[in-house]
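Computed from a prediction, not measured in an experiment: that's the story for all the values here.
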Amino acid sequence: MKKIILTLVCIGICACSGSSQITHEITPPSLNDTVAPLTTQLREYSNDEALITYLRRAQSQATSFVSEGSTGMPAEPTAEASGDRTQTTNNQEATADEGGLVKAYGKNFMVILRQGKLYTVRLPLLQKSAEITVKAESLDNNAWYDELLLKDNTAIVIGYRWRMGDSTNPTSYWQGSTEINLFKINASSGSLSRAGTYFIESGDYYSGRNYASRLVREKLVIYSPYYGNALLDRTNDQLHFPQLKTLRNGRVESIRPLMRASDVSIPEDLILSPVLHAMHVCSLGNPEIGQEALSCKSRGVLGSWQSEHYVTGTRFYLWSGRQNIQYGWCGTLSIPSDSIRPPQASSNLLYAFDLEGDGAGVTKVWGNPLDQFSFDETPNGLTLFHYQMRANPTWDYSEEACGERNENYEYRLGHISFTRFTSQASDIHESDYQTLTDDTLKTSPYLLIHRFSGNELLVGQYNNLVVFNRTNASQKTILNLDPRHGEGPFTLEARCYRTTRIEPAGERFIIASHNENDLNIQALTLGESPHMTSSVSLIGYTEAESRSHGYLFSSQEQGDGLIGLATQAVSTYITEPDPAASDFVTMPNPTSVHILRLKPQGELQVAGHFQSSAHPPTGACETSCTDWYGNTRAIFLDDQVYGLMGDELGLGLLGQEGLEVQRQINLESGGESF
């Protein structure tokens, strides 16, 4: 089963706003300079024996730690803003395309990844052109395919496969792999042909918010974790670095190890149960002239299982925790005994790697990121929004404590100059940080939504949206997201609108919040006096996708902006008679895509929505049958508007009267779905 770190959201009462006190003032980012280069090299292992010695010590310490009652690892789970008029993916950085579910291939085709199959659809008439099963015929179904990228006429499908190996190395059977499938697209017909299948040995790359793959300047950038017990084989005390493998004649064959000891940075501490966090920068080659279809250069960092990565057009950043800390309900620290509690690290490590060249560095940073949006690269450094549990928190596991104000967390805003990234991490400079002390932030970090914009940091939780000035956090504006109230701090009431999304929309931001029945969408204008310019409510709807790819914005020639949002009715399930059974079968509620206009003056208008049918899928699913990364997307291609909803794809005409759905097809059958 796919690994998930469950986000446990407990519903409490809404927080009130409070005063702010600044502890330091940081240097504001310079927005006019070019990005400064990294000129240092990390300290790396000189030979295999040095790395083996470290891993032996870590394994010995971990065995002692676990024997006293601690897990040391998380438990196994149980259950584009740039204004481009051609948009398929809401990328965090305009220069780094993220692996998604749908991409445009020129102006004539759309390529869609859906439950283990790749489809091409001819535009604009929505005629299904081709489909191909992502999984190679000789492999089993024990895989998920989650992310799609396009480079020229090659579709790149990223997935994860469990317990695969080869005949020359039986022990690697237990090591999973990031699977990379390459398909060539015929520019005239849209037909698909397999160009290669490759594997990078790894642990599961899945994240509840982030994406594993990016396409940056023609390079495929992939993050993967590789666990220490796979790196050091206890049976022969030998290193086994992650291998690059390929599928030839139905057999998995090793090409080469992706790393040596000299590609692995030396950690600052002895880490229990270390994880090798790997960055792979891969190029696509031409087999017709003797090149391997995929070749990769890899670097690794040893750290705890706690990590986060952030990719820009220039660099790969990796935050790594210095301790393996187990979290329980609502983010509270869960360690069975005071006597075996590891030290609460006041600093963690942040690595930076140039995507081109060998420049790299590391620095100590305060606290933990919430997700990849906790980082923002500026021309002279990196801005951070981090949190940390206080040194002596009260261990309150009650449900009531999760949503109320919680003094266990501290939040800071920092700006780390590129000069801080050196070969060996220096101590934290307190002058780089300022403490954010607003009641909105006195809660679990898992309840917060945040984004950077220019010189502002936007943070939402329950009814309040707080706009902090990056230069001086004491300058802030508090806005009320409940549509029944005016601007200003929220007045405590039992019924709350909880912030679910903050996304850029040209020069403005779109804020989504909901209660148990309605989805409220507001347009925010920043500047000296941030204020809401417009608000609309989608009665009876909620968001169908919490990830960033569930939203899309595109600017139009006439000055309007188009917003697409993945939605679904509030009711969770529907029931349909099953012809083959005597009772009812329960199916997920059909999803929809709402399209909104954002007028130049900031007014929001609901143009209409696409709605999927209530009928079950027409074909049998073999792989990727759970939509871990969602299944509903808006797509804007020039003047055309599309909605992807599971197995269905709709085409809409946007006129003065709103959205008129012209055609909607079923991807499996190719026929019209209504």
Side-chain angles (χ1 to χ4, degrees), residues 85-89 97 99-139 145-159 179-198 213 215 218 220 247 284-289 291 293-294 610 617-624 631 633-653 661-673:
R85 294 175 58 230
T86 298
Q87 291 284 86
T88 63
T89 307
D97 190 20
L101 301 182
V102 56
K103 301 290 179 181
Y105 177 57
K107 294 184 178 294
N108 297 325
F109 292 98
M110 190 183 299
V111 186
I112 299 170
L113 175 63
R114 170 67 180 155
Q115 292 194 335
K117 292 185 178 180
L118 199 61
Y119 300 88
T120 57
V121 177
R122 185 179 293 275
L123 306 176
L125 298 179
L126 292 198
Q127 295 175 335
K128 177 180 172 181
S129 297
E131 73 173 73
I132 192 169
T133 300
V134 175
K135 177 188 71 67
E137 185 175 353
S138 60
L139 300 175
Y145 302 105
D146 300 307
E147 302 182 21
L148 164 68
L149 289 160
L150 290 189
K151 180 185 179 295
D152 300 327
N153 68 331
T154 301
I156 308 166
V157 179
I158 311 294
E179 183 176 323
I180 305 165
N181 290 274
L182 308 177
F183 299 92
K184 292 298 182 182
I185 309 171
N186 184 288
S188 299
S189 66
S191 61
L192 296 160
S193 58
R194 186 179 299 275
T197 297
Y198 292 83
S213 64
L215 191 64
E218 306 297 305
L220 176 63
L247 191 66
L284 301 186
N286 185 359
E288 295 180 359
I289 59 174
Q291 296 177 339
L294 185 77
F610 297 93
T618 56
C621 179
E622 295 181 355
T623 61
S624 307
N631 63 11
R633 300 287 188 270
I635 305 113
F636 301 136
L637 301 179
D638 291 320
D639 296 325
Q640 305 293 332
V641 179
Y642 300 87
L644 173 67
M645 299 150 292
D647 294 310
E648 297 174 84
L649 179 67
L651 166 65
L653 177 64
V661 179
Q662 302 288 297
R663 178 172 164 79
Q664 197 157 305
I665 65 168
N666 184 288
L667 291 173
E668 185 70 27
S669 67
E672 293 201 23
S673 60

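- Of the possible polar contacts, none joining the Tyr198 side chain to the Leu182 backbone as a donor-acceptor pair under 3.5 Å is found.
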*Begin from the C-alpha positions of Leu649 and Ile635 and carry the test side chain to side chain contact (heavy atoms under 4.5 Å, CB included) through to its verdict.*
CA-CA 10 Å; Leu649 179 67; Ile635 305 113; 4.3 Å; yes
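- Looking at Arg663, its side chain does come within 3.5 Å of a backbone N or O of Leu125 through a donor-acceptor pair.
- Without hydrogens or angle criteria, Gln291 side chain to Asn286 main chain gives a donor-acceptor distance under 3.5 Å.
- Residues Tyr642 and Leu126 come closest through the heavy atom pair CE2-CD2, 3.5 Å.
- Under the 4.5 Å side-chain criterion, counting only non-hydrogen atoms from C-beta, Tyr105 is in contact with Asn153.
- For the side chain to side chain contact (heavy atoms under 4.5 Å, CB included) test, residues two or more places apart in sequence or in another chain that qualify with Ile132 are Leu118, Phe183, Leu192.
- Exactly one residue among Leu247, Leu148, Thr197 makes a side-chain contact (heavy atoms from CB on, under 4.5 Å) with Asn181. That residue is Thr197.
- Side-chain atoms of Arg114 never come within 3.5 Å of backbone atoms of Leu101 as a donor-acceptor pair (strictly under, hydrogens ignored).
- For the pair Asn186/Thr120, no side-chain contact is recorded, criterion being any heavy-atom separation below 4.5 Å from C-beta on.
- Between Val111 and Tyr119, every side-chain heavy-atom pair lies at or beyond the 4.5 Å cut-off.
- Side-chain contact between Leu294 and Leu284 is present, with at least one heavy-atom pair separated by less than 4.5 Å.
- Taking the charged nitrogens against the carboxylate oxygens, Lys117 and Glu668 do have a contact shorter than 4.0 Å, which makes a salt bridge.
- Side chain of Glu147 to main chain of Ser213: a donor-acceptor pair is present (N/O by atom type, distance under 3.5 Å, no hydrogens or angles).
- Side-chain atoms of Leu150 and Ile185, non-hydrogen and from C-beta on, do get closer than 4.5 Å to each other.
- For residues 100-109, the set of pairs meeting the salt bridge (charged side-chain N to carboxylate O under 4.0 Å, His left out) definition, not counting sequence neighbours, comprises Asp97-Lys103, Lys107-Asp638.
- Shown here are the side chain to side chain contact (heavy atoms under 4.5 Å, CB included) partners of Glu218, two or more places apart in sequence or in another chain: Lys151, Asp152.
- Listed for the Arg194 side chain is a donor-acceptor partner under 3.5 Å among the backbone atoms of Thr133.
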